[in-house]
Participant: 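Submitted below is the structure of interest, expressed as structure tokens.
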Amino acid sequence: MLVASSSENTLIHRLDVRSKMLGFLVIIILSFLFQNPIYQLAIISATAFLALAINIPLRKITGLIIPLLPIVISIILITGFSYSPQHFDHLSNRKILFYLFPGKHLGATVGGFLMGTTFLLRIWSLLIASSILTFTTSLEDFTQFFQWIKVPAEVSMILTTALRFIPTLDKKRSLILEAQMARGMNLHGKGIIGSIRSYIPIMIPLFINSIIMANSLSMAMLNRGYGLSRVWTVKLDKAIAARDFWALTVIIFLSFLCLFLRFKLRLGLL
Amino acid sequence: MVIKTTARDRINDENDKAIELNNVSYQYPNSLEPSLRGLNLSLNKGQFIVLMGAAGAGKTTLSLCLNGLIPQLFEGELTGEVKVAGRNVRKTPVQLMSTILGLVLQDPETQILGRTVEEDTAFGPRNISVPLEEIQDRVDRSLEKVRLKGYNQRLTEELSGGEKQRLAIAGVLAMEPEILVLDEPTSELDPAGRLEIYATLDDLRRKRALTILLAEHSSEEVINRADEIIVLNQGQLVWRGEPTQLFRDIPLLQQYGIKPLPVSLVGWNLYEKGWIAIDEIPLDLPSAARLLKKLLSSPTQSANAVMHFPLQPKQHDRKDHQFPEEKAIEIKDLFYQYQSGNPILQGINLTIDSGDFVALIGQNGAGKTTLAKHLNGLLKPTSGEVCVHGMSTQKYDTAHLARTIGYVFQNPDHQIFSTTVEKEIEYGLKNTGLTTAEIKEQLNQVLKETGLEDYRHVHPFTLGKGERQMIAVASILVLKPRILIVDEPTTGADYSGVQAMMRLINQLHQGGTTIIMVSHDMDLVAQYAQRVIVLKEGSVLLDGHPREVFAQEKILADASIIPPQLCRLSACLSDVGFSETLLHPEEFTALFERGDITKCW
């Protein structure tokens with residue numbers, strides 16, 4: 001959920017928001033279905049193909065993951081040590097590479113590191129999938145969708161407003177980064193803790209600016225009558241088109257295929 | 001019978017009132033001082049009222065009281081009575097008040113809620129359940145009023161600053177209020193954006209009997225628009241009357257931190273000499289030109305004058321020779337383009353000497369900030385080279401260059417993250433590897449220079465914007481850079497804040513620091529810069545002394561730049577044979593004393 005919607009008019013742009021939300025949900029489920037990083041790579045490839053087809057700046061999405069790398073590496077290390085061999089089906093994944101402490105305490109398993117890699121790839125595929133969704137769907141469509149699934153108006157507004165302000169916050173992040181770099185900020189602190197600490201001068205102003213923005217936003221919304229009543233004028237619903245039926249067919253077919261692979265053939269496990 | 005008439009009169013009188021405040025005081029939570037103190041105010045319908053005063057005078061607080069955001073959203077202690085169009089604001093929900101009084105805030109970014117222009121304008125009417133057909137009608141009418149007709153499907157994020165603020169006004173107008181309150185709507189905009197907003201306000205006044213209350217710092221724009229000006233100072237109403245009265249009273253303006261008009265300063269000097277009466281002090285360019293020509297036609301006046309105001313040594317002609325031959329910055333064939341291929345800088349060649357005070361000017365999108373960001377390595381050239389004191393920015397990263405070239409950004413809140421002013425300022429030093437003793441020494445020196453000594457243990461966010469901007473400057477100065485880039489250092493600041501900031505920058509310049517200032521404020525550029533570089537579409541359009549550059553009115557118009565008022569006044573005197581471009585009010589007075597112009601007559 002990191003890229004603002006564009007006014008282009010690709011097939012995915014024209015799909016009904018319900019079809020897109022179902023597709024998004026399926027990608028989330030599939031990414032959690034498979035533990036094996038190879039399968040995660042397949043999901044990433046599929047989402048990246050869709051992203052390229054609609055001209056999403058993939059480099060930007062990848063760039064967003066870089067600041068998260070220290071955290072991701074920490075996760076891979078933690079999972080490497082925290083998963084015991086019994087967690088894994090395959091013998092090769094149960095293999096203990098080394099022990100952190102003498103006396104065979106806290107062993108690092110192959111499966112544990114692979115699981116950590118899966119976590120990283122899962123974040124990546126979800127970033128791309130959510131970017132496809134926000135890139136191709138207007139706020140009005142989101143609002144209508146939330147109303148359709150009977151989400152309370154307040155929750156719907158919170159969600160759509162959060163989506164609307166992602167690009168604004170991203171601009172703030174760039175400005176903060178530049179301001180701190182101009183006074184000699186070094187993003188490459190020593191060790192994992194050092195790396196995380198070096199981001200504090202970015203995270204705190206971003207957090208403060210978000211609060212200031214949220215305050216201004218609440219004023220602007222009240223100024224425009226938001227919350228006077230629980231109902232508001234709804235625009236006419238869009239109808240499901242033939243392209244949506246085709247898209248739904250593909251989504252359902254892929255879902256069943258993946259369920260078959262995972263539960264019948266027991267593929268994608270570690 | 002008498003009683004009946006009085007009652008009807010009272011009702012009519014009440015119906016004519018747009019806003020009434022009775023003994024209103026307000027104090028924000030955790031604040032030591034009240035922001036409004038016993039305010040009594042009554043405004044009639046259909047007027048254009050301008051609210052002026054220094055930062056912290058209470059202008060924003062008053063605006064927030066008028067539609068009920070205070071006390072309904074903001075906690076704190078409100079006493080007294082606020083009535084808008086006869087309604088007690090305390091008892092009417094803000095959302096309902098929005099159909100009576102529309103409030104436009106400073107920052108357009110946080111007032112836009114829709115993805116497209118139409119979606120955003122329709123947001124308000126949809127909230128109050130206006131039928132769909134009427135919403136479309138209201139959207140079209142509101143967009144037309146703010147000169148955004150036909151923009152319906154445009155993405156809001158693609159709009160310019162001025163367009164965004166006009167959209168914010170359209171969003172408020174779609175609620176069809178009787179009163180429009182605008183809280184410094186142009187403070188974040190460039191000159192083109194400001195012109196757009198004022199043209200919109202002029203249209204609104206012409207087309208509809210709307211009561212407008214505008215909080216504003218800028219004097220030049222309000223002088224011919226306001227029916228009345230109200231001056232607030234420390235939460236109190238200290239002056240109310242016609243704009244002409246206020247802007248002729250220079251000591252009063254200075255007392256309340258309001259920027260005088262440059263031409264009035266010329267007039268005030270002449271008034272102080274006894275050459276003109278107070279009501280002859282000019283308030284606009286034509287009247288100033290007429291006055292000067294009239295005075296010139298009376299040679300006895302200047303012949304008898306005593307020289308009290310010798311022509312000041314021209315600041316621009318002073319040159320610091322601390323680094324006589326050294327080049328601070330050398331830019332060779334600089335090209336820069338975005339990844340999309342859109343060219344931003346197109347073949348810039350510049351050399352800036354050590355100790356210069358250079359102003360980069362140009363309309364938004366001309367490439368000023370992009371060029372400035374190349375100087376400290378935040379951006380790397382697509383082709384060409386930028387050298388800072390001999391260091392190529394291609395070879396050194398920004399962290400390394402930061403010790404030679406400092407960059408002060410527009411918004412101090414983008415960098416503040418520490419719990420005290422002291423810690424905030426010393427952050428940059430900690431990245432340099434200095435010892436604790438050296439850090440303390442440099443910190444103390446900068447705190448003294450910037451006047452922040454008293455705040456060293458205070459949390460930065462408890463201070464006003466002016467002080468926070470000073471912290472941002474201090475956090476760069478502590479690195480002792482030889483070159484300082486200041487990007488719009490005075491945006492949103494009041495007159496006294498601008499003066500304080502420019503005093504500091506000028507002091508640094510006097511000490512030998514090379515200053516590169518990116519600014520839209522032509523008065524400041526004329527007052528302080530030694531050299532002006534005008535950018536247009538990524539190329540250098542003009543480069544020279546402010547007197548030379550601001551004399552090129554036609555070329556500047558091509559770059560959407562309006563020269564300072566005094567330069568335009570100089571140009572107005574060309575038909576009497578005067579060819580120099582003057583930048584300071586004192587220079588005009590001195591001319592009469594020297595008798596320069598009278599020789600032409």
Participant: For the pair B/N127 (side chain) and A/L228 (backbone), establish whether a donor and an acceptor sit closer than 3.5 Å, ignoring hydrogens and angles.
Facilitator: no
Participant: Surrounding OH of B/Y28 (heavy atoms of other residues, nucleotides or ligands, distance under 6.0 Å), is the total greater than 12?
Facilitator: yes
Participant: For A/L206, which atoms come within 4.5 Å of any heavy atom of chain B: side chain, backbone, both, or neither?
Facilitator: neither
Participant: So what's closer than 4.5 Å to chain A heavy atoms on B/L113: side chain, backbone, both or neither?
Facilitator: both
Participant: Is B/T121 close to chain A through its backbone or its side chain, or both, or neither, when contacts mean heavy atoms under 4.5 Å?
Facilitator: backbone
Participant: For B/P125, is there any backbone N or O sitting under 3.5 Å from a side-chain donor or acceptor partner on A/R224?
Facilitator: no
Participant: By a 4.5 Å heavy-atom criterion (distance strictly below it), what part of B/L429 contacts chain A: side chain, backbone, both, or neither?
Facilitator: neither
Participant: What is the minimum heavy-atom distance between A/L175 and B/H414, and which atoms define it?
Facilitator: CD1-CE1, 3.4 Å
Participant: Relative to chain A, which of B/K373, B/Q410, B/Q106 shows the most heavy atom pairs under 4.5 Å?
Facilitator: B/K373
Participant: Return the CE to OH distance between A/M181 and B/Y407, rounded to the nearest 0.5 Å.
Facilitator: 12.5 Å
Participant: Which value, rounded to the nearest 0.5 Å, describes the distance between A/I200 atom CD1 and B/Y427 atom OH?
Facilitator: 9.5 Å
Participant: Counting only non-hydrogen atoms closer than 4.5 Å, does A/S216 touch chain B with its backbone (N, CA, C, O), its side chain (CB onward), both, or neither?
Facilitator: both
Participant: Can you tell me which portion of B/D120 sits under 4.5 Å from chain A's heavy atoms? Options are side chain, backbone, both or neither.
Facilitator: both
Participant: Report the C-alpha separation of B/V94 and A/Y226 in whole Å, then their side-chain angles, then the decisive distance to 0.1 Å, and conclude whether the side-chain contact (heavy atoms from CB on, under 4.5 Å) test is met.
Facilitator: CA-CA 9 Å; B/V94 178; A/Y226 177 72; over 6 Å; no
Participant: Considering non-hydrogen atoms only, spot the tightest contact between A/M219 and B/L64 and give its length.
Facilitator: SD-CD2, 3.7 Å
Participant: Heavy atoms only, distances under 4.5 angstrom: which of B/G114, B/G171, B/G428, B/A174 has the most pairs with chain A? Name it, please.
Facilitator: B/G171
Participant: Shortest non-hydrogen contact from B/T110 to A/M213?
Facilitator: CG2-CG, 3.7 Å
Participant: Closer than 4.0 angstrom, basic N to acidic O: yes or no for A/K172 and B/E109?
Facilitator: no
Participant: Would you find more than 12 non-hydrogen atoms of other residues, nucleotides or ligands less than 6.0 Å from B/K430 atom NZ?
Facilitator: no
Participant: Once you round to the nearest 0.5 Å, how far does CZ of B/F417 lie from CD1 of A/I208?
Facilitator: 10.0 Å
Participant: For B/N67 and A/N223, does a side-chain donor sit closer than 3.5 Å to a side-chain acceptor?
Facilitator: yes
Participant: Could you walk me through whether B/L73 and A/S218 pass the side-chain contact (heavy atoms from CB on, under 4.5 Å) check?
Facilitator: CA-CA 9 Å; B/L73 180 67; A/S218 61; 3.9 Å; yes
Participant: B/N411 versus chain A, heavy atoms under 4.5 Å apart: side chain, backbone, both or neither?
Facilitator: side chain
Participant: Given heavy-atom pairs under 4.5 angstrom as the criterion, report whether the side chain, backbone, both or neither of B/I135 touches chain A.
Facilitator: side chain
Participant: Between A/Q180 and B/Q415, is there a donor-acceptor pair closer than 3.5 Å when you use the side chain of the first and the backbone of the second?
Facilitator: yes
Participant: Hey, does the side chain of A/N209 reach the backbone of B/D413 with a donor-acceptor pair shorter than 3.5 angstrom?
Facilitator: yes
Participant: If you tally heavy-atom pairs under 4.5 Å against chain A, which of B/L69, B/I128, B/L105, B/N376 wins?
Facilitator: B/L69
Participant: Does CZ belonging to A/F207 count more than 12 external heavy atoms closer than 6.0 Å?
Facilitator: no
Participant: Quick one: CG on A/L217 to CD1 on B/I112, what's the gap to the nearest 0.5 Å?
Facilitator: 11.5 Å
Participant: Can you name the nearest heavy-atom pair linking B/A402 to A/A182, along with the distance?
Facilitator: CB-O, 3.4 Å
Participant: Measure distances from B/E134 to the heavy atoms of chain A and classify the residue's part below 4.5 Å as side chain, backbone, both or neither.
Facilitator: neither
Participant: Is atom CZ of B/R154 surrounded by more than 12 heavy atoms (other residues, nucleotides or ligands) closer than 6.0 Å?
Facilitator: yes
Participant: Applying a criterion of heavy atom separation less than 4.5 Å, what residues of residues 95-104 of chain B form contacts with chain A?
Facilitator: B/Q95, B/L96, B/S98, B/L103
